[in-house]
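A quick write-up on the structure given underneath.
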Amino acid sequence: MGQVIGISNTHIRAVEGAEIPTLKVSGTVGVDFSGSDLADAVVRYAGDFGEARLLLDSFGGFASDAFAFYDTVRAEGVRLHVDGRGTVASAATIIMAAAGRKRSRLYPHAEYLVHGATGGDAEGVERANEKMATIYAELTGMTKPEVRKIMK
């Protein structure tokens with residue numbers, strides 16, 4: 001795999017000896033790690049490979065951090081693979097969605113949960129819900145109204 005880049009966060013750890021650059025990620029999005037820090041780590045680790053894998057286990061966290069991750073990884077053109085294990089819920093589902101339909105998978109007994117945004121003012125909640133619905137619709141092939149119904 002080449003040189004392992006040090007990460008000073010116990011919630012984002014390199015997995016040595018993996019086929020492609022791999023990071024194990026756990027904890028609360030926006031609390032234990034920021035979406036930007038995770039995106040930067042993914043971009044660095046992908047390096048010359050152009051791809052990276054996340055082993056993701058998170059109950060979620062702040063949608064704004066998940067959106068920052070999603071946008072950065074997509075803009076940088078990293079071919080991301082995400083394996084969801086344990087729990088992938090709330091904001092963590094946006095991180096998983098960054099991999100797209102063909103490169104994201106849940107372990108057989110993993111829990112997955114989507115829901116509408118909470119907290120903040122009504123306009124902010126609606127903006128977050130619209131962004132999530134757009135991402136989930138792209139990921140699943142469902143319409144945004146179908147996705148919004150599930151998010152409720």
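Residue indices begin at 1 and follow the sequence shown.
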Revision key, fill the gap. Applying side chain to side chain contact (heavy atoms under 4.5 Å, CB included) to Arg148 and not counting sequence neighbours gives Glu126, Asn129, Glu130, Ala133, Met151

Review point. Under 4.5 Å between any side-chain heavy atoms of Arg44 and Asp40, yes or no?
Key: yes

Study note, to complete from the structure: OG1 (Thr93) and CG (Leu139) are apart, to the nearest 0.5 Å, by 9.0 Å

Exercise for review: Group every Ile, Leu, Val, Met, Phe, Trp and Tyr by side-chain heavy-atom contacts under 4.5 Å, then state whether Phe33 and Phe59 land in the same group.
Suggested key: no

Practice item. Please round to the nearest 0.5 Å and tell me the distance separating atom CD1 of Ile135 and atom NZ of Lys144. Key: 10.5 Å

Review point. Mind checking whether Thr22 and Tyr45 have side chains closer than 4.5 Å, heavy atoms only?
Key: no

Check your understanding: Would you say the side chain of Glu76 lies within less than 4.5 Å of the side chain of Val42, judging by non-hydrogen atoms?
Key -> no

Practice item. Mark yes or no for whether Thr87, through its side chain, and Ala89, through its backbone, hold a donor-acceptor pair below 3.5 Å. Key: no

Practice item. Indicate yes or no: at least one non-hydrogen side-chain atom of Leu80 is less than 4.5 angstrom from one of Phe69. Key: yes

Check your understanding: Which distance, rounded to the nearest 0.5 Å, do you find between the CD1 of Ile95 and the CG of Asp65?
Key -> 8.0 Å

Point to revise | Closest non-hydrogen atom pair, Val78 against Ala46 | key: CG1-CB, 3.9 Å

Exercise for review: Test side chain to side chain contact (heavy atoms under 4.5 Å, CB included) on Leu23 and Val15 and set out the steps.
Suggested key: CA-CA 6 Å; Leu23 297 170; Val15 176; over 6 Å; no

Point to revise | Side-chain heavy atoms of Met96 within contact of Tyr112, under 4.5 Å | key: yes

Study note, to complete from the structure: Correct closest heavy-atom pair for Pro21 and Glu51 would be CD-O, 3.7 Å

Point to revise | Residue pair Val125 / Gly120: nearest heavy atoms and the distance that separates them | key: CG2-O, 4.2 Å

Review point. Picking from Asp83, Val82, Val88, Leu56, what satisfies side chain to side chain contact (heavy atoms under 4.5 Å, CB included) with Leu106?
Key: Val88

Check your understanding: Is there side-chain contact between Ile94 and Val29, with heavy atoms separated by less than 4.5 Å?
Key -> no

Point to revise | Verify same cluster id: Tyr70, Val43 (apolar side-chain graph, 4.5 Å) | key: yes

Check your understanding: Between Ala110 and Gly84, what is the shortest heavy-atom contact and its length?
Key -> CB-O, 3.7 Å

Practice item. Please name all residues satisfying side chain to side chain contact (heavy atoms under 4.5 Å, CB included) with Ser64, sequence neighbours left out, ordered by chain then number. Key: Phe62

**Study point:** Gap between atom NE2 of His81 and atom CG of Leu54 - 0.5 Å precision
**Key:** 10.5 Å

Check your understanding: Which heavy-atom pair separates Ser58 from Gly27 by the least distance, and what is that distance?
Key -> OG-O, 2.6 Å

Review point. How many angstroms lie between atom CG of Asp71 and atom OG of Ser36, to the nearest 0.5 angstrom?
Key: 9.5 Å

**Study point:** Point-to-point distance, once rounded to the nearest 0.5 Å, from CZ of Arg79 to CZ of Arg53
**Key:** 10.0 Å

Point to revise | Backbone N/O of Val25 and side chain of His11: donor-acceptor pair under 3.5 Å | key: no

